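This report concerns only the one structure given below.
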Amino acid sequence: MKKLINDPANVVAEALRGIAAAHPELRVDHAQRVVFRDDAPVRGKVGLVSGGGSGHEPMHAGFVGPGMLDAACAGEVFTSPVPDQVVAATRGVDGGAGVLHVVKNYTGDVMNFEMAAELMAAESGTEVVAVVTDDDVAVQDSLYTAGRRGVGVTILVEKIAGAAAEQGLPLTGVAEVARRVNGNGRSMGVALTSCTVPAAGRPTFDLPEDQMEIGIGIHGEPGRRRVPLAPAREIAEMLVEPVLADLDFTGGDGVIAFVNGMGGTPLLELYLMYAEVAAILEKAGIGIARNLVGSYMTSLEMAGCSVTLLKADDELLRLWDAPVRTPALRWGA
Amino acid sequence: MKKLINDPANVVAEALRGIAAAHPELRVDHAQRVVFRDDAPVRGKVGLVSGGGSGHEPMHAGFVGPGMLDAACAGEVFTSPVPDQVVAATRGVDGGAGVLHVVKNYTGDVMNFEMAAELMAAESGTEVVAVVTDDDVAVQDSLYTAGRRGVGVTILVEKIAGAAAEQGLPLTGVAEVARRVNGNGRSMGVALTSCTVPAAGRPTFDLPEDQMEIGIGIHGEPGRRRVPLAPAREIAEMLVEPVLADLDFTGGDGVIAFVNGMGGTPLLELYLMYAEVAAILEKAGIGIARNLVGSYMTSLEMAGCSVTLLKADDELLRLWDAPVRTPALRWGA
Amino acid sequence: MGRASAHPGAALGCLTVADTVDGAALTAWVQEFARLVHEQRDALTELDAAIGDADHGTNLDRGLAAAVSALDTEAPADPAAVLKAVATTLIRTVGGASGPLYGTFFLRASSALGEGDGAALAVAMRAGLEGVAARGKAEPGDKTMLDALGPACDALDEALTANRPLDEALRAAAEGAARGRDATVPMVARKGRASYLGERSAGHQDPGATSATMLMEAAATALAGRG
Amino acid sequence: MGRASAHPGAALGCLTVADTVDGAALTAWVQEFARLVHEQRDALTELDAAIGDADHGTNLDRGLAAAVSALDTEAPADPAAVLKAVATTLIRTVGGASGPLYGTFFLRASSALGEGDGAALAVAMRAGLEGVAARGKAEPGDKTMLDALGPACDALDEALTANRPLDEALRAAAEGAARGRDATVPMVARKGRASYLGERSAGHQDPGATSATMLMEAAATALAGRG
Ligand SMILES: Nc1ncnc2c1ncn2[C@@H]1O[C@H](COP(=O)(O)OP(=O)(O)O)[C@@H](O)[C@H]1O
Ligand SMILES: Nc1ncnc2c1ncn2[C@@H]1O[C@H](COP(=O)(O)OP(=O)(O)O)[C@@H](O)[C@H]1O
Ligand SMILES: [Mg+2]
Ligand SMILES: [Mg+2]
Ligand SMILES: [Mg+2]
Ligand SMILES: [Mg+2]
């Protein structure tokens, strides 16, 4: 295992020290491992809390700031945060207008956020609404399963709902926007290599030099199927095709197209992939209204990428364009 | 070789298509492989041109935009651009106030930019000044050698000189600022893994699981020495110590501390490294005035990082803080 | 599902266990569970690597170490308080799926724990199992820890109903857990992270069912040893 | 350093080469150089991987393929025009260190090329060598292509001064290049990318000296074959 770390057990705590040192505009509660925007709670504004396992940086701490999240809880690597963290975050961002939890649909995340909400309900008057993201078309959805994973769309939810909150929408409105983004977004990912969980010390899976995993999530879990390595053009097809098959993306005001790197893939390749994705969408008659290309939701050093498409409307685009000022996404401010 | 590419020979051209598609605020000359800000040339403003081999993304194309570069030339992977590209870029950004070339000190880069300047001098009235960055303390400098490599400080030069140009400084002033940044900046890097040049098809060097290369550049070239893998704390020492030994960083208005990822290292680890670097600087009595943490000057998928320190003064900090609006660095705009 | 109250106490003819399932015994149980998980941490993580995210051993080990040290510090005498302290610590320190699930197991077990005898223990374990099922919304056959906990509780109840001594009953429970754990191998996961693999999840043993079997093994070792 | 004019022409007794070094011959030279580099592309890149950035073979191959195709299209009859077209194409397509260096080599050679005989070729090569030295500011012993080009030009001049036929002279030049190339192995690089390695650059053959030896080999094959 080759990593810039000290003790595998301290990776998260030590990285949080770095985040605190690098970003004076954030406040880090090291005991609870929660990253707050430093003016939280913002009076009268709906608070946005997200969080999840670490190892996906910049998600979520990198999205804390005006126009996006008010707080992010950092769990252990690939392990959802515990309820105490979520409670601390929720309390810390409660400006009197309620708090939205943005939760990725994983059993652990959902249960820990749920338990936190139960604790909050028992002890305080803070109104909490959770929106669970589940955009990964690689996973077959059914009543009897854990359902689809929350992946790329989560960042779009955080940005867009964050803008809605910043603009003063009430909790129901912010939650509605968040659900709309989730409902109109779909994703699919591919891994060329595994990642190595620091505490595990070796790659989560072995992938021969000529193979890749299609339909992966963001925790180094294997994908739906293993197929021979293919040119970028074909990989783009393998990712976009099931996304388009799952939702009709035509007829809106264009899509937000998000090509996300898994951590170990150079930006050079992500741009190349974006060109392929854009070509496929053009052929399909789907206009790209906005785009995002970069490693925003990673899986440690995994090589690979995911494609997220969000069917946008005027309001969502306006909220997407609204100012945001976070370590990882920043414009208009 | 596991990459999201089609034909290794077309990687750069195809990535540029993606850059063009993703960034409507940039204009890409695909024939010459030059990325321009779309309002170039800006009348009366000194034009800033940089460029180099590809494989270092976001450098340089990701730094094109108001407040930073006017154009970037993309060479083949790890191969400096050819003079024609530099000429095309220089012509395209000449707003009448002259053009600054920001050139990293590599034999190929220096010669190709030089030949371009000679061609420009022969054929047009454009005043061209070149500033060559050479901040890598891993390389022993001497009159008889190629000298030090230009690495991390290049990005600080581009940002700060870019701001100076945006604010209307004349060519001599912009060049002076650029030289000041280079003169006050030092860097040192480490690789945990090699990278694979697409056309070469396999890792440039083999590095056993328990070894790392200290004193690497950004082209997959081996470093000064191979040492056993060490904890982040010790690696930070190995990087910062020679930087501090090379220049007195005390007594200014603090430093700009830049922890750069080489492409395959997760942000989690970069923040952890930043915490270590900050701790060392604190112990050394050196204040950090600003910082930058992320993968900005990469070496394809190489795992590792570099540390750059810039001894700043009030003016440099003011220029650092000035608005910038590029794909990879953006604030105040 | 037979409530433990169906058999009013340990049978005559064997040692009475009425006073064995006290706070110290439960503490010993948790210590033994922690020991087993610590010993098998990497194996658990490796099972999780195959069909999950390679953290099950690490997470549980961290949480159980914290639980053991909390019990060291607080040393509650009351058996229910022991289980509650364990629950709270696990919920606070594990995270992921297994944190809330094991946390809920111990929390519900704590609430349901009556008199400190074998029957009370069976009631508590059944309550824990039901808590896990409610929290995780999983059903038998979904390839989760439930598939070990269910057969374990059934075997325990059955043995106690048949008036077998707690030693034997807990051994039967551990064996039931192990059978259930082994039965997860061919299953296609419908819950938890392994469900994302679809058919590919078959052929692998569920990590949670494996750690749950350790929980039952620990009970057999630590509690029955006192019987 | 003896200027080629020191020996006024090819000797009697062997075939005169006065009309051999024409545009077609120089085109054949470049084609043969391109062929050798293409064939050895991966080997050149591998040498560059050891002490550089793993692109020397790729870059040169790309540039020489472009040069060959430019010569196909333009087919300049004038020998100097051939060299100039090659120079321009290499400068336009290679990049890195070797683009300007080989470009300068051919550019200077083109300017210096006089009458199309062996002596003129030697003058041109010497001019190319000096152009490379001026452009790269390297000196003999710096572990660069100069270390192959220098001995090659020296051997060529010497052979021609001794009135040996062009065939033999070019063979001697190629051998000189090869000796120079081999001599780069123990050198510690002072110029180019390999210089960053310091002492670690010793023990590796310089890629540029290797390709420069192919340049001279190509001359021996393509030009002397016509002698
Ligand atoms: N819905 C569920 N109900 C019961 N058990 C579950 C459920 N989801 C997951 N599990 C159990 O949790 C185990 C995984 O635990 P762990 O690896 O710690 O959590 P995570 O999946 O969050 O990384 C699985 O092997 C499974 O036995
Ligand atoms: N200053 C120089 N003078 C002469 N030759 C040089 C100089 N610098 C480098 N070279 C030659 O160039 C070769 C490397 O070429 P290449 O790999 O194409 O360029 P780059 O180093 O830019 O990747 C070296 O092996 C060396 O022979
Ligand atoms: Mg997990
Ligand atoms: Mg190169
Ligand atoms: Mg797990
Ligand atoms: Mg090279």
Side-chain angles (χ1 to χ4, degrees), chain A residues 1-7 11-12 14-22 54-55 57-58 62 77 190 192-193 207 209 212 229 231-233 235 259 263-276 278-279 288 291-293 295 298 300-301 303-305 325 327-328 330-333, chain B residues 1-7 11-12 14-22 54-55 57-58 62 77 190 192-193 207 209 212 229 231-233 235 259 263-276 278-279 288 291-293 295 298 300-301 303-305 325 327-328 330-333:
Chain A
M1 175 177 56
K2 297 195 128 177
K3 291 179 187 289
L4 296 168
I5 61 173
N6 296 303
D7 181 344
V11 168
V12 176
E14 293 181 13
L16 283 173
R17 302 242 158 249
I19 290 176
S54 294
E57 290 65 26
V77 173
V190 63
L192 303 189
T193 65
L207 198 49
E209 187 57 25
M212 60 184 182
L229 198 63
R233 193 159 301 133
I235 295 175
V259 170
T265 284
L267 192 51
L268 183 77
E269 296 175 32
L270 296 180
Y271 276 122
L272 193 152
M273 278 298 293
Y274 182 71
E276 299 298 347
I288 301 180
N291 71 80
L292 187 65
V293 179
S295 293
T298 60
L300 294 168
E301 71 280 75
C305 74
R325 185 186 176 133
R330 184 164 175 179
W331 55 73
Chain B
M1 175 176 57
K2 297 192 128 177
K3 291 180 187 289
L4 296 167
I5 61 173
N6 295 302
D7 181 344
V11 168
V12 176
E14 292 181 13
L16 283 173
R17 303 239 159 253
I19 290 177
S54 294
E57 291 66 27
V77 172
V190 62
L192 303 189
T193 65
L207 199 51
E209 186 57 26
M212 61 184 179
L229 197 64
R233 193 159 300 131
I235 295 174
V259 170
T265 284
L267 193 52
L268 182 78
E269 295 174 32
L270 296 180
Y271 276 122
L272 193 151
M273 279 297 293
Y274 182 72
E276 299 297 348
I288 301 179
N291 71 79
L292 186 65
V293 179
S295 293
T298 60
L300 294 170
E301 70 280 74
C305 74
R325 184 185 178 134
R330 183 165 176 178
W331 54 73

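It should be emphasised that the depicted structure is a prediction, and the values quoted were computed from it without experimental measurement. By convention in this document, chain letters (A, B, ...) are assigned in the order of the sequence lines, proteins followed by strands, and residues within each chain are numbered from 1. As a basis for the values below, the full set of heavy atoms in this structure was taken, side chains included, without hydrogen atoms, waters or symmetry mates.
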(message) For a 4.5 angstrom cut-off between non-hydrogen side-chain atoms, does Glu276(A) reach Asn6(B)?
(response) yes
(request) Check Gly332(A) against Arg330(B) and note the closest heavy-atom contact, atom names and distance. (result) N-NH2, 3.9 Å
(message) Could you report the tightest heavy-atom contact between Glu301(A) and Pro266(B), atom names first, then the distance?
(response) N-CG, 3.8 Å
(message) Rounded to the nearest 0.5 Å, what separates atom CD1 in Ile19(A) from atom CG in Leu272(B)?
(response) 10.0 Å
(request) Using a cut-off of under 4.5 Å on heavy-atom pairs, state which of Ala275(B), Ala278(B), Ala303(B) scores highest against chain A. (result) Ala275(B)
(request) Give, as side chain, backbone, both or neither, the part of Ala333(A) having an atom under 4.5 angstrom from any heavy atom of chain B. (result) backbone
(request) Write down the atom of Leu268(A), the atom of Ser54(B), and the distance for their closest heavy-atom approach. (result) CD1-CB, 4.5 Å
(message) Below 4.5 Å, heavy-atom pairs only: which of Glu209(A), Met1(A), Met273(A) has the largest tally toward chain B?
(response) Glu209(A)
(message) If the threshold is 4.0 Å, N to carboxylate O, is there a salt bridge linking Glu269(B) and Lys2(A)?
(response) no
(request) Please determine, among Ala21(A), Gly304(A), Cys305(A), Ser295(A), the option with the most heavy-atom pairs under 4.5 Å with chain B. (result) Ala21(A)
(message) Heavy-atom pairs under 4.5 Å with chain A: which of Thr193(B), Val11(B), Thr298(B), Asp7(B) has the most?
(response) Val11(B)
(request) Considering non-hydrogen atoms only, spot the tightest contact between Tyr274(A) and Gly18(B) and give its length. (result) CD2-O, 3.6 Å
(message) Can you tell me which portion of Leu192(A) sits under 4.5 Å from chain B's heavy atoms? Options are side chain, backbone, both or neither.
(response) both
(message) Please classify the contact of Val259(A) with chain B as side chain, backbone, both or neither, using a heavy-atom distance under 4.5 Å.
(response) neither
(request) Identify which part of Leu292(A) has an atom lying under 4.5 Å from any heavy atom of chain B, answering side chain, backbone, both or neither. (result) neither
(request) Let me know if Ile5(B) has heavy atoms under 4.5 Å from chain A in its side chain, its backbone, both or neither. (result) both
(request) Please report the closest heavy-atom contact between Tyr271(B) and Pro327(A), naming both atoms and the distance. (result) OH-CB, 4.2 Å
(request) Report the distance from atom OG1 of Thr265(A) to atom CG of Leu4(B), rounding to the nearest 0.5 Å. (result) 5.0 Å
